[in-house]
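Here is the structure we will look at.
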Protein chains: 2
Amino acid sequence: MISDTKKTQAQAITEEIRALILNGTFHPGEPLRQEALSEQLGVSRTPLRHALQSLAEDGLVEMIGFKGARIPLIDQAMTRDLFEMRLLLEPLALRSAFGHHTKLDFAKAEMALDAAEGEQKPSRLSELNWEFHHALYAPSNRPTLLNTIQQLNKASALAEVIATSIVARPEKSAAEHRGLLQACRNGNEDDAVAALSEHLRLAHHDMQNGTK
Amino acid sequence: MISDTKKTQAQAITEEIRALILNGTFHPGEPLRQEALSEQLGVSRTPLRHALQSLAEDGLVEMIGFKGARIPLIDQAMTRDLFEMRLLLEPLALRSAFGHHTKLDFAKAEMALDAAEGEQKPSRLSELNWEFHHALYAPSNRPTLLNTIQQLNKASALAEVIATSIVARPEKSAAEHRGLLQACRNGNEDDAVAALSEHLRLAHHDMQNGTK
DNA sequence: AAAATCAGTATTGGATACAATTATGATATC
DNA sequence: GATATCATAATTGTATCCAATACTGATTTT
């Protein structure tokens, strides 16, 4: 074994619960009981609580005092804020990455797009969506900026799933992604940023219409 | 008692530890041992771990798999990202709040400035600093946006303390704050945004010079 | 009848004991 | 002498038990 990074149980079930949420097992407003969830996942309540706290950071659950955790109710104001912030921060990341992209970066981005082609599972689609964007932003070498952007993306994911837009407009999203990637490969920075901005605007717009 | 919101122990000691960190009890790179900290604060390790996780969200500590928590090493790249993001997001919040400010909002902001006048404790100065900015942004009624901005402010706080700029330039910062507040009271949006942006730029600049 | 009160129950937060992982240092090996 | 290996200790993560809080529904009170 080359790299054996031990993963803690809490981290592992965090991803499991994230998938459960994004795949629609739980609905907005629904409470998450610790005992039920922990025995369902086969762990004790201790790591579960850590997992819930992690998910709360990303806005996928809400934790209230002694009252427990629940899936948050997403409203238009929240999604508007999320996309407006992404619209400010992601172009900065893309611009910072420009000139540092390697063939490998583009290949990673393309792999994510290919993998998303036939995918149905919302949780997996969200992962691949981030993989694509991350591949284009990572060469900026600005981990703090990327970290915030990733948080916003994770929070957006729940909103997108609820609006069912992530599964309802896969071909549109794919086309936008391909166009963005092509602009990056061409080395046309302004075109790429324009494509990215338009992509975010369209995603937000289609969410509000609620293709559900 | 009008409002009796029960606070969990974890939340309480989160603030205590935050103060310890910002007041320089721990230094960058220094590890935080769970048993030592928990007995020092008079609680068990269970709520302490929750507190550490909360602080990790705000970037005040780093938690690494089975290896423990430590105060992160702040570098120039990180502070640059933090301030560049704030420079994009905070003007948006201020503009959104414009036209919704009440006398009470301005009073709150002024109280924070007055309280900061003779204050020495870095942790308290950070709190008051945020109270001031929050008072001016809150009328925007955009909790999601404000939440992200607050996170960035908390992360900046550690960087500022380490650079000692938060205690080294109190009079400069105070003057900038007063100017910003006056522009808001005058209802001059562009002036206010300009003052805010300049304030952030100066804070960042003085940090890099390292008045330490 | 509506509202307040007060059991009892359900659920979360915290303390303690235990298991898993990592760090340390001495010994062996080349 | 440097490096590898193994046992030991130090530290973190997890399970379980207990305490504190919130919820529920019936009863009382106005």
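What you are looking at is a predicted structure, and each value in this text was computed from that prediction instead of being measured. Computation of the quantities below employed the complete heavy-atom set of this structure, encompassing side-chain atoms and omitting hydrogens, waters and symmetry-equivalent molecules. Convention: sequence-line order gives letters A, B, ...; per-chain numbering from 1.
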Could you give the CD-to-P distance, from A:E39 to D:dT14, as a whole number of Å?
19 Å
Classify the side-chain pair A:N153/A:E90 by whether it contains a donor and acceptor separated by less than 3.5 Å.
yes
Rounded distance (Å) that lies between atom P of C:dA19 and atom NZ of A:K6:
18 Å
Whether over 12 other heavy atoms sit under 6.0 Å from A:Q11 CD
yes
For the ring pair A:H199 and A:H133, is the centre-to-centre distance below 6.0 Å?
yes
For the pair B:F106 and B:H101, name the ring-plane relationship: parallel under 30°, tilted 30 to 60°, perpendicular over 60°.
tilted
Set of residues satisfying salt bridge (Lys or Arg N to Asp or Glu O under 4.0 Å) with respect to B:D75, sequence neighbours excluded
none
Contact list for DNA chain C against residues 7-14 of chain B - heavy-atom distance below 4.0 Å
B:T8, B:Q9, B:A10
So, does B:S44 get its side chain near the phosphate of C:dA15, meaning an N or O under 4.0 Å from OP1 or OP2?
yes
Would you say CD of A:E30 has more than 12 non-hydrogen atoms from neighbouring residues, nucleotides or ligands within 6.0 angstrom?
yes
Within this structure, what is the CG-to-P distance between B:L41 and C:dG14, rounded to whole angstrom?
13 Å
Between protein and nucleotides 7-12 of chain D, what N or O pairs are separated by less than 3.5 Å?
unit_1: D:dT12; atom_1: OP2; unit_2: B:Q34; atom_2: N; d: 3.4

Tell me: CE of A:M63 to P of C:dT12, nearest whole Å?
9 Å
Without decimals, in angstroms, what is the distance between A:R70 CZ and D:dA22 C1'?
15 Å
Rounded to whole Å, CG of B:L52 lies from P of C:dG14 at a distance of 13 Å
Can a salt bridge be assigned to the pair B:E176 and B:R201 using a cut-off of 4.0 Å between side-chain N and carboxylate O?
no
Within 45° cone and under 6.0 Å: A:R95 NZ/CZ vs A:F98 ring
no
